[in-house]
Peer 1: 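I'd like to ask some things about the structure below.
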Amino acid sequence: VAATVNDECNDDNIYTLEVMPETTGDVDSFNPDTASYAWTGPDGFLSTDQNQSITNVTTAATGIYSVTVTINSCTSGAGTVNVVVNQTPAMPVAGSNTPVCSVSTLNLTASTTTPGAMSWSWTGPNGFNSISQNASIPNITLAANGTYNVVATATTGNCASAPGSTVVVVNPTPVITTSSFTDPAQCTTPTGSITLNGLAASTLYIVQYNYNGNPQSANLTSNAGGAVVIGNLAAGTYTNIRVLLTGCPSNAIASVTLTD
């Protein structure tokens with residue numbers, strides 16, 4: 001009796017190990033309907049089926065399987081086959097530094113509890129793919145929003161894990177394109193203003209700046225033209241003027257001096 005096997009990866013639900021005997025010798029004298037089979041193997045395996053499958057196979061099934069065939073009380077010598085069940089990596093834990101601001105760098109991380117050498121494969125929005133375990137995307141755009149999947153493949157056996165995933169949120173970074181100012185109309189009266197242009201229309205921003213070296217902050221909504229007007233300002237020096245949207249800071253206006 002001869003036996004054959006297909007090498008497999010272990011997996012909780014998918015892969016099946018198959019072992020199949022083949023008769024040798026005078027084929028014309030062999031009637032499979034009158035034959036009985038006896039299989040033995042690792043992890044206490046026993047079977048009397050001719051063609052045997054082991055579902056949900058684990059690495060404990062690795063080893064030598066033997067099968068004999070009996071016809072008319074005559075038992076053959078044992079046919080043997082060496083079975084290798086390779087380890088399927090555990091599903092990777094995927095992570096990132098989300099949420100991130102556009103134009104910054106998105107960092108993706110992956111790990112698996114399965115030991116041994118692995119190759120990695122990332123896929124994601126906007127056609128993203130990478131073979132790095134920990135991948136980075138510089139100058140990220142809003143098109144990078146979405147779900148990223150990563151698969152670990154064991155170098156030994158070429159068995160691929162189920163995909164791990166992480167959801168990435170990219171928030172827009174505001175950009176101040178131009179600015180202008182108006183000096184106070186009268187001495188010692190806070191009637192001056194600074195206007196920041198190029199922002200999203202009708203959007204609530206956190207506005208931050210220093211007035212004569214002292215930090216200031218206000219919540220202001222842009223107008224329909226995308227301008228934020230910082231009003232009721234007194235004479236003095238205003239520096240590091242910027243806005244924040246969902247935690248993302250804009251470029252800064254270096255300095256504006258108002259006089260009365």
Side-chain angles (χ1 to χ4, degrees), residues 2-22 39-47 49 51-67 79-102 104-171:
T4 61
V5 66
N6 57 312
D7 289 348
E8 294 290 357
C9 303
N10 84 293
D11 186 278
D12 287 340
N13 298 305
I14 297 175
Y15 293 106
T16 300
L17 172 69
E18 295 182 350
V19 281
M20 296 171 289
E22 298 175 352
W39 283 95
T40 60
D43 201 30
F45 172 75
L46 297 170
S47 177
D49 293 335
N51 301 319
Q52 178 60 43
S53 296
I54 306 174
T55 58
N56 303 322
V57 71
T58 69
T59 54
T62 293
I64 296 175
Y65 289 75
S66 299
V67 59
T80 61
V81 62
N82 188 30
V83 172
V84 176
V85 181
N86 294 302
Q87 178 68 50
T88 297
M91 183 177 69
V93 176
S96 73
N97 58 331
T98 187
V100 293
C101 302
S102 61
S104 67
T105 297
L106 171 64
N107 295 316
L108 299 167
T109 60
S111 62
T112 179
T113 57
T114 303
M118 301 284 166
S119 61
W120 299 86
S121 177
W122 282 95
T123 58
N126 202 31
F128 172 75
N129 60 77
S130 175
I131 58 173
S132 297
Q133 177 179 355
N134 301 313
S136 295
I137 308 176
N139 300 316
I140 200 77
T141 69
L142 299 183
N145 272 296
T147 300
Y148 290 75
N149 296 308
V150 60
V151 171
T153 300
T155 301
T156 301
N158 201 38
C159 297
S161 71
S165 63
T166 183
V167 177
V168 167
V169 175
V170 182
N171 293 315

Peer 1: Would you compute the distance between atom CG of N126 and atom CG of N145 and round it to the nearest 0.5 angstrom?
Peer 2: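 One finds 10.5 Å between CG of N126 and CG of N145.
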
Peer 1: Under the 3.5 angstrom rule, does the side chain of T112 hit a backbone N or O of P89 as a donor-acceptor pair?
Peer 2: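 Not a single qualifying donor-acceptor pair exists.
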
Peer 1: Hey, what do you get for CG (L108) to CD1 (I137), rounding to the nearest 0.5 Å?
Peer 2: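 Answer rounded to 0.5 Å: 5.5 Å.
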
Peer 1: Side chain to side chain contact (heavy atoms under 4.5 Å, CB included) with M91: which residues, sequence neighbours excluded?
Peer 2: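 Once residues adjacent in sequence are excluded, the partners of M91 under the side chain to side chain contact (heavy atoms under 4.5 Å, CB included) criterion are A162.
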
Peer 1: Got a sec, which residues hit side chain to side chain contact (heavy atoms under 4.5 Å, CB included) with T153, two or more places apart in sequence or on another chain?
Peer 2: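 T153 satisfies side chain to side chain contact (heavy atoms under 4.5 Å, CB included) with S119, V151, N158, A160 once adjacent residues are dropped.
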
Peer 1: Check whether S47 reaches the backbone of Q52 with its side chain - one donor and one acceptor, N or O, closer than 3.5 Å.
Peer 2: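 Such a contact is absent between S47 side chain and Q52 backbone.
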
Peer 1: Keeping S165 on the side-chain end and N149 on the backbone end, is there a donor-acceptor pair under 3.5 Å?
Peer 2: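 Checked: no pair found.
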
Peer 1: So how far is it from T109 OG1 to N134 CG, rounded to the nearest 0.5 Å?
Peer 2: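 One finds 6.0 Å between OG1 of T109 and CG of N134.
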
Peer 1: Side chains of L106 and V168: does their closest heavy-atom pair fall under 4.5 Å?
Peer 2: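 Yes; the side chains approach each other to less than 4.5 Å.
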
Peer 1: Got a second to check how far W120's CH2 is from S161's OG, nearest 0.5 Å?
Peer 2: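 W120 atom CH2 to S161 atom OG measures 7.0 Å (nearest 0.5 Å).
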
Peer 1: Are the side chain of W122 and the backbone of S132 linked by a donor-acceptor contact shorter than 3.5 Å?
Peer 2: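 Between the backbone of S132 and the side chain of W122 there is a qualifying donor-acceptor contact (under 3.5 Å).
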
Peer 1: Using atom types as modelled, flag every donor-acceptor pair under 3.5 Å from a side chain in residues 92-102 to any protein atom, sequence neighbours excluded.
Peer 2:
unit_1, atom_1, unit_2, atom_2, d
S96, OG, T98, N, 3.2
N97, OD1, N107, N, 2.8
N97, ND2, T105, O, 3.1
T98, OG1, V169, N, 2.8
T98, OG1, V169, O, 3.3
S102, OG, T173, N, 2.8
S102, OG, T173, OG1, 3.3

Peer 1: Quick check on I64: does its CD1 atom have over 12 non-hydrogen neighbours (other residues, nucleotides or ligands) under 6.0 Å away?
Peer 2: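 At most 12 heavy atoms, drawn from other residues, nucleotides or ligands, come within 6.0 Å of this atom.
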
Peer 1: Stepwise, does the side chain to side chain contact (heavy atoms under 4.5 Å, CB included) test hold for V83 with V85?
Peer 2: CA-CA 6 Å; V83 172; V85 181; 4.0 Å; yes

Peer 1: Which heavy atom of Q87 sits nearest to which heavy atom of T59, and what is that distance?
Peer 2: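 In this case the closest contact between Q87 and T59 is OE1-CG2, 3.4 Å.
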
Peer 1: Can you measure from OG1 (T62) to CG (N86) and round to the nearest 0.5 angstrom?
Peer 2: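 Going from the OG1 atom of T62 to the CG atom of N86 covers 7.0 Å.
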
Peer 1: Would you confirm whether S53, through its side chain, and T55, through its main-chain N or O, come within 3.5 Å as a donor-acceptor pair?
Peer 2: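 A pair under 3.5 Å: no.
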
Peer 1: I need the W39 CH2 to Y65 OH distance, nearest 0.5 Å.
Peer 2: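 Taking CH2 in W39 and OH in Y65, the distance rounds to 9.5 Å.
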
